[in-house]
Every structure is written in structure tokens, then in C-alpha cells.
Amino acid sequence: MEYCYVALKQQSKADILLSLFLSIFLVKGVVNVLLTTPLWVVNTRLKLQGAKFRNEDIVPTNYKGIIDAFHQIIRDEGILALWNGTFPSLLLVFNPAIQFMFYEGLKRQLLKKRMKLSSLDVFIIGAVAKAIATTVTYPMQTVQSILRFGRHRLNPENRRLGSLRNILYLLHQRVRRFGIMGLYKGLEAKLLQTVLTAALMFLVYEKLTAATFTVMGLKSAHKH
């Protein structure tokens, strides 16, 4: 009975710690998106400058550098064009929340069958949780990249892309041209990039959480 009480108490502390961690992470993510999106827009356009596109809707760019890119974007498209892709970027801030939700769910299912998770268990469920979160949010990353590039003409009005209201249009166009899998082009590379990192992060997270609770327990026992 005492063991169950201690376990529940530790789980409650873990839930509070997790909620606090996620709240801080989400706030940090929103602030980061708002401050760095202009840099990402310019970075994306400079990287794609000179590339040959088969899509006739995409307008070529000719920037001489970072300062010139900022100048041309503000002059030709308005200052708000520097924040193209902000809405999908804000949605992607919830990617960590999704992965933590699946991680905690998988972890609790395993803990019903065993008393303690091994490092390998944590590593695997961390990798699975991140793979699910990345797959769920990847279409938004595709739209985010298109919006950041910005130099795109919308048919049939032949308007340039400069508004986040066109996200659904872009998703529809992507599916129409490439099928549903067109929303997931490049997903394999993204999974290889993020899954291993996330699995290691969860492993470190569990070790640090366990160490924190151990120290807190020792301090509490010392006070009594």
C-alpha cells in the first residue's frame, strides 16, 4: 500500500513537471517563431535562388545578399511577407506536445505490464512518439516551406502568395498534383533527422527526472 502511494505521488509530481515543461516550451516556441520567421523566409529564398523549378507558378528570385533580400521583399511584397509561414509554424509549435502525449500514453501502457522501464524501452517509445508527431505535422512543414519561399502565383487569379489564408489552397493543390503522398515528400529524411534526437532526449529526460525525484526524496527525508 505504501509503495503504491509513493508511486502515485511520484507520478503526480512527474505530471506537474511535464505540464510545466510543456507550457514553457510552447511559450518559448511561439516567441521564437515570431522573432525568427523573417530570417527563415530570407534563408529559404536565398537557398532556393537559382534552382530550376518545373512548376511554372513559381517566380524566380534575384537577390544579391541578405540585406538586398530583405529590401526586395519589403518593397515588392510588403513587410508582412517576411512573416509568410507564421501560421503553420505556430501550429508546428504543438509538435512537442503531440510527441509527449504519445510518449506518456505508450509509457503508461508499458508500466501496466512491468514495474520499471529499461533504457531501451524509453528509447524505443521516444522514437515511436516522435515518428508519430512528425508524420502528423509534416504536411504543415511542407506548406510552411512553400509560404516562406513566397514567390508563387495562385491560379486562376494569378496572384502572388502573401496570405496565410491560402494554406488550404496549397494543401489542395499539392494533393491534386502529387496525390496524398505529395504532402509527405522528404518525410524519410525528416524522420532520420528527428527521431534519433528525440529518442535520446527522452532517455536523458527520464534519467534527469529520476535523479531529481531521488534528490527531492532525500531532502524530504532529511527534513523529517
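Below, each value reflects all heavy atoms present in this structure, side chains not excepted, and no hydrogens, waters or symmetry copies. Residue numbers count from 1 along this sequence.
- Using a 4.5 Å cut-off on side-chain heavy atoms (C-beta onward), R45 and Q72 make no contact.
- Minimum heavy-atom separation, V93 to V30: CG2-N, 4.1 Å.
- Between G182 and R174 the shortest heavy-atom distance is O-NE, 2.8 Å.
- E206 places none of its side-chain heavy atoms less than 4.5 Å from the side chain of D121.
- Surrounding CZ of F70 are more than 12 heavy atoms belonging to other residues, nucleotides or ligands, all under 6.0 Å away.
- Considering all non-hydrogen atoms of both residues, L82 and V41 come closest at O-CG2, 3.2 Å.
- Relative orientation of the F202 and F100 rings is perpendicular, given thresholds of 30° and 60° on the angle between their planes.
- Following chains of ILVMFWY side-chain contacts shorter than 4.5 Å, one can reach I74 starting from V42, so the two form part of one hydrophobic cluster.
- Looking at T135 and Y184, their side chains come closer than 4.5 Å, going by heavy atoms from C-beta outward.
- Atoms CZ and CG, from F87 and L91 in turn, are 4.5 Å apart once rounded to the nearest 0.5 Å.
- Using modelled atom types, one finds a donor on one side chain and an acceptor on the other under 3.5 Å when comparing S119 with K207.
- In this structure a side-chain-to-backbone donor-acceptor pair under 3.5 Å is present from W83 to L34.
- Of all heavy-atom pairs between A127 and V195, the closest is CB-CG1, 3.5 Å.
- Q144 contributes atom CD, which lies 6.5 Å from atom CD of Q141 (distance to the nearest 0.5 angstrom).
- Using a 4.5 Å cut-off on side-chain heavy atoms (C-beta onward), V128 and F102 make no contact.
- In terms of heavy-atom proximity, V33 sits nearest to T37 at O-OG1, 2.5 Å.
- In terms of hydrophobic clustering, with Ile, Leu, Val, Met, Phe, Trp and Tyr side chains grouped at heavy-atom distances under 4.5 Å, V122 and I132 are assigned to a common cluster.
- In this structure, the separation between CG on L183 and CE on M181 is 9.0 Å, given to the nearest 0.5 Å.
- By the criterion of side-chain heavy atoms lying less than 4.5 angstrom apart, applied directly or through intervening Ile, Leu, Val, Met, Phe, Trp or Tyr residues, Y103 is grouped together with V136 in one hydrophobic cluster.
- Looking only at distances, a side-chain donor or acceptor of Y138 sits under 3.5 Å from a matching main-chain atom of K185.
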Test log, rule side-chain contact (heavy atoms from CB on, under 4.5 Å), inputs L117 and F123: CA-CA 10 Å; L117 297 182; F123 186 88; over 6 Å; no
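- Between the CG atom in L187 and the NZ atom in K190 there is a gap of 10.0 Å [rounded to 0.5 Å].
- L196 and I125 fall into different hydrophobic clusters, where Ile, Leu, Val, Met, Phe, Trp and Tyr side chains are chained together by heavy-atom contacts under 4.5 Å.
- Linking ILVMFWY side-chain heavy atoms closer than 4.5 Å, directly or via other members, places I66 and I73 in a single hydrophobic cluster.
- Here the straight-line distance linking atom OG1 of T142 with atom CG of L170 works out to 10.5 Å at 0.5 Å rounding.
- Side-chain contact between K130 and L191 is absent, with no heavy-atom pair separated by less than 4.5 Å.
- Within the model, atoms CZ of R75 and CG of D68 stand 7.5 Å from one another, a figure rounded to the nearest 0.5 Å.
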